[in-house]
Amino acid sequence: MVCWALRRVGLARAHLARKASGVCRGHEHQPLGPRPAAPGAPGSAVELLGKSYPQDDYSNLTRKVLSKVGRNLHNQPQHPLWLLKERVKQHFYAQYPGRAGTPLFSVYDDLSPVVTTWQNFDSLLIPADHPSRKKGDNYFLNATHMLRAHTSAHQWDLLRAGLDAFLVVGDVYRRDQIDAQHYPVFHQLEAVRLFSRHQLFAGIKDGENLQLFEQSSRSAHKQETHTLEATKLVEFDLKQTLTRLMTHIFGDAGAQDRIGWAFGLGLERLAMILYDIPDIRLFWSQDERFLKQFRVPDINQKVTFQPLSKYPAVINDISFWLPRENYTENDFYDLVRTIGGDLVEKVDLIDKFEHPKTHRTSHCYRITYRHMERTLSQREVGGIHQAVQEAAVRQLGVEGRF
């Protein structure tokens with residue numbers, strides 16, 4: 001069961017961390033402010049979590065995404081994401097006590113999702129030309145600030161603060177396709193553990209002669225700065241940590257003088273497997289029929305989601321000629337999410353066509369509309385679909401074939 005869960009989730013990522021040097025760039029958490037303003041043209045500003053951010057050519061947040069900031073589903077008692085977070089905390093507190101009997105791992109679940117681009121990319125040594133930095137994949141407030149794409153954006157600050165064992169939980173934001181498994185906002189839980197030379201090699205035969213670091217060549221088994229012995233021990237510790245965590249949940253069904261591991265888990269993906277939740281949009285539902293199923297006296301109580309009535313889908317297609325440049329599929333997906341909201345169940349690119357003479361490219365998308373709580377009419381959907389068509393022409397510069 002453990003191997004199956006790890007394989008199916010497929011979200012654990014491990015790396016060896018070395019402590020960065022420099023001046024700490026701390027960011028205090030801001031209280032939730034008024035409803036965020038809609039994004040505007042360069043020269044305007046957006047208000048978010050009590051701060052004002054001037055907009056520029058990088059700004060690409062939509063009203064739909066901004067409305068999710070501050071919801072903090074992982075901190076709402078009895079929400080399925082909260083239940084899962086509490087189970088993980090319970091496991092780490094019980095399995096990893098500190099010297100005085102207090103928990104070894106500290107937990108940070110209320111850090112602001114607004115980070116600098118330096119925190120999100122440069123602090124993790126992500127190269128300037130790395131594809132993960134693309135505007136088409138991230139949500140930027142402006143050229144210097146963004147909504148975090150991963151909880152790893154806080155690693156550098158927490159390591160600089162002197163922490164060597166911590167969990168970070170929070171909402172993260174990425175532009176992505178539209179289907180039952182993907183949403184522009186989801187939640188990550190990240191764990192980081194560092195070891196000193198004494199901690200790692202304690203109890204190992206001839207451990208006093210082993211080193212954490214060396215200067216050699218990179219291989220398939222280790223980075224050039226780590227010894228093979230240290231790498232293997234940290235790898236084993238991480239595997240044991242993840243195996244114990246998955247067993248607890250599913251049952252048997254950077255440091256100059258330290259080395260360590262880190263992993264991240266997508267809470268929605270785990271919760272969908274654990275509770276049999278079929279659609280990621282349900283996590284944002286305020287339908288009492290959904291929420292009451294997770295009001296349990298014990299966070300470890302088994303819960304199997306009982307589906308709400310499956311209302312029929314309404315399907316509409318849209319096709320258009322792409323502009324010569326500056327078009328990405330994520331731009332269209334964001335536009336559809338902004339106009340259709342959670343009525344949009346999925347969007348599929350069902351046809352691509354290149355004109356043999358003009359070499360222009362045409363895309364045809366199939367949009368599936370479905371309300372989670374009632375039946376939609378074709379007339380109601382028709383108005384939304386027409387708004388999508390008009391916005392695609394106006395905002396994306398496409399030429400409609402409708």
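Side chains included, hydrogens not; waters and symmetry mates left out as well; all remaining heavy atoms used. For clarity, every value in this text was computed on a predicted model and none was experimentally measured.
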Under the 3.5 angstrom rule, does the side chain of N316 hit a backbone N or O of G382 as a donor-acceptor pair?
-> no

Give a yes or no answer on whether the side chain of H150 reaches the backbone of S152 with a donor-acceptor pair at less than 3.5 Å.
-> no

Donor-acceptor pair, side chain of T102 and main chain of G98, under 3.5 angstrom = no

Of all residues at least two apart in sequence or in a different chain, which pass the ring-ring contact (aromatic ring centres under 6.0 Å, His included) check with Y275?
-> F294

Any L167 side-chain heavy atom under 4.5 Å of Y108 side chain | no

Return yes when atom CZ of R374 has more than 12 non-hydrogen atoms of other residues, nucleotides or ligands closer than 6.0 Å, and no otherwise.
-> yes

So, for Y327 and L396, which heavy atoms are closest and what is the spacing to 0.1 Å?
-> CE1-CD1, 4.0 Å

Kindly state each residue pair satisfying salt bridge (Lys or Arg N to Asp or Glu O under 4.0 Å) with at least one member in residues 138-152, sequence neighbours excluded.
-> R148-D171

With sequence neighbours left out, what residues match E354 under side chain to side chain donor-acceptor pair (under 3.5 Å)?
-> H359

Spell out, as yes or no, whether a donor-acceptor pair under 3.5 Å connects the side chain of Q395 to the backbone of D331.
-> no

Within a radius of less than 6.0 Å around NZ of K346, do more than 12 heavy atoms belonging to other residues, nucleotides or ligands occur?
-> no

Ion pair present between D137 and R175, side-chain N to carboxylate O less than 4.0 angstrom?
-> no

Parallel, tilted or perpendicular: which describes the rings of F290 and H79, with under 30° parallel and over 60° perpendicular?
-> perpendicular

Between H91 and Y96, how do the two ring planes meet: parallel, tilted or perpendicular, split at 30° and 60°?
-> perpendicular

Does any non-hydrogen side-chain atom of Q119 lie less than 4.5 Å from one of Q155?
-> no

Distance from L270 atom CG to I277 atom CD1, nearest 0.5 Å?
-> 11.5 Å

Parallel, tilted or perpendicular: which fits the ring planes of Y58 and F140, with parallel below 30° and perpendicular above 60°?
-> perpendicular

For the atom pair CD1 (I178) and CD (E345), what is the distance rounded to the nearest 0.5 Å?
-> 11.5 Å

Cation-pi, Y183 ring and R337 (6.0 angstrom, 45 degrees) | yes

What pair of heavy atoms forms the shortest contact from I126 to N120, and how long is it?
-> CD1-O, 3.9 Å

Can you check ring pair (Phe, Tyr, Trp, His ring centres under 6.0 Å) on F105 and Y93, steps first, answer last?
-> CA-CA 7 Å; F105 283 81; Y93 286 171; 9.0 Å; no

Does Q306 use its side chain to pair, donor to acceptor, with the backbone of T304 at less than 3.5 Å?
-> yes

Side-chain donor or acceptor of N72 paired with backbone N/O of H74 under 3.5 Å | no

Trace of the side-chain hydrogen bond (donor to acceptor under 3.5 Å, both in side chains) decision for N142 with T144 | CA-CA 6 Å; N142 51 41; T144 60; 3.1 Å; yes

Is D348 reaching over with its side chain to a backbone N or O of I350, donor-acceptor style, under 3.5 angstrom?
-> no

Between the side chains of Q90 and N300, is a donor N or O closer than 3.5 angstrom to an acceptor N or O?
-> yes

Of all heavy-atom pairs between K85 and N75, which one has the smallest distance, and what is that distance?
-> NZ-OD1, 2.8 Å

Spatial distance of atom CZ (R244) from atom CD1 (I249) [nearest 0.5 Å] = 14.5 Å

Passes side-chain contact (heavy atoms from CB on, under 4.5 Å), L61 versus V46? Steps please.
-> CA-CA 10 Å; L61 270 77; V46 61; over 6 Å; no

Taking NZ, NE, NH1 and NH2 as the nitrogens, is one of them in E268 or R281 under 4.0 Å from a carboxylate oxygen of the other?
-> no

Minimum heavy-atom distance I339-A391, with the two atoms named = CD1-CB, 3.5 Å

For the atom pair OG1 (T368) and CZ (R366), what is the distance rounded to the nearest 0.5 Å?
-> 8.0 Å

Beyond-backbone contact of V336 with I367, side-chain heavy atoms, under 4.5 angstrom = yes

On a heavy-atom basis, the closest approach of Q301 and V296 is NE2-CG1, 3.6 Å

List the steps, then state whether side-chain hydrogen bond (donor to acceptor under 3.5 Å, both in side chains) holds for H182 with D179.
-> CA-CA 6 Å; H182 295 86; D179 58 35; 2.7 Å; yes

Nearest heavy atoms of F283 and L73, plus distance in Å = O-CD1, 3.4 Å

Is E399 paired with R360 through a side-chain N to carboxylate O contact shorter than 4.0 Å?
-> yes

Trace of the side-chain contact (heavy atoms from CB on, under 4.5 Å) decision for F92 with L245 = CA-CA 8 Å; F92 273 89; L245 176 59; 4.2 Å; yes

Is the count of non-hydrogen atoms from other residues, nucleotides or ligands lying under 6.0 Å from F402 atom CZ greater than 12?
-> yes

Taking the side chain as every heavy atom from C-beta outward, state whether P77 and L83 have any pair of such atoms under 4.5 Å apart.
-> no

For side-chain contact (heavy atoms from CB on, under 4.5 Å), just list the numbers for Y333 and T328, CA-CA rounded to whole Å, side-chain angles, deciding distance to a tenth of an Å, and then say yes or no.
-> CA-CA 9 Å; Y333 295 148; T328 68; over 6 Å; no

Do S319 and D351 have side-chain heavy atoms sitting under 4.5 Å apart?
-> no

Start with the C-alpha gap between Q188 and L267, add the side-chain angles, then the distance that decides, and say whether side-chain contact (heavy atoms from CB on, under 4.5 Å) holds.
-> CA-CA 6 Å; Q188 277 190 345; L267 290 185; over 6 Å; no

Could you check D164 against R193 for salt bridge (charged side-chain N to carboxylate O under 4.0 Å, His left out), going step by step and ending with a plain yes or no?
-> CA-CA 6 Å; D164 56 15; R193 174 81 187 276; over 6 Å; no

Using the ring pair (Phe, Tyr, Trp, His ring centres under 6.0 Å) rule, take Y53 and H145 through it: C-alpha gap first, then chi angles, then the decisive distance, then the call.
-> CA-CA 8 Å; Y53 297 90; H145 289 81; 5.4 Å; yes

In terms of side-chain geometry, is the basic nitrogen of R133 or D122 positioned less than 4.0 Å from the acidic oxygen of its partner?
-> yes

Using modelled atom types only, decide if a donor and an acceptor are shared between the side chain of S59 and the backbone of Q55 within a distance under 3.5 Å.
-> no

Please round to the nearest 0.5 Å and tell me the distance separating atom CZ of R370 and atom OH of Y311.
-> 12.0 Å

Side chains of F320 and C364: does their closest heavy-atom pair fall under 4.5 Å?
-> no

Does the side chain of H248 come within less than 4.5 Å of Q95's, by heavy atoms?
-> no

Interatomic spacing from CG in L124 to CH2 in W118 - rounded to 0.5 Å = 8.5 Å

Within the distance-only criterion (no hydrogens, no angle test), does the side chain of R174 pair as donor or acceptor with the backbone N or O of P184 below 3.5 angstrom?
-> no

Give a yes or no on this: more than 12 heavy atoms of other residues, nucleotides or ligands lie within 6.0 Å of atom CD of E288.
-> yes

Non-hydrogen side-chain atoms of Y173 and M146 separated by less than 4.5 Å | no

Any donor and acceptor pair, going by atom type alone, linking the side chain of D109 with main-chain N or O of V168 inside 3.5 Å?
-> no

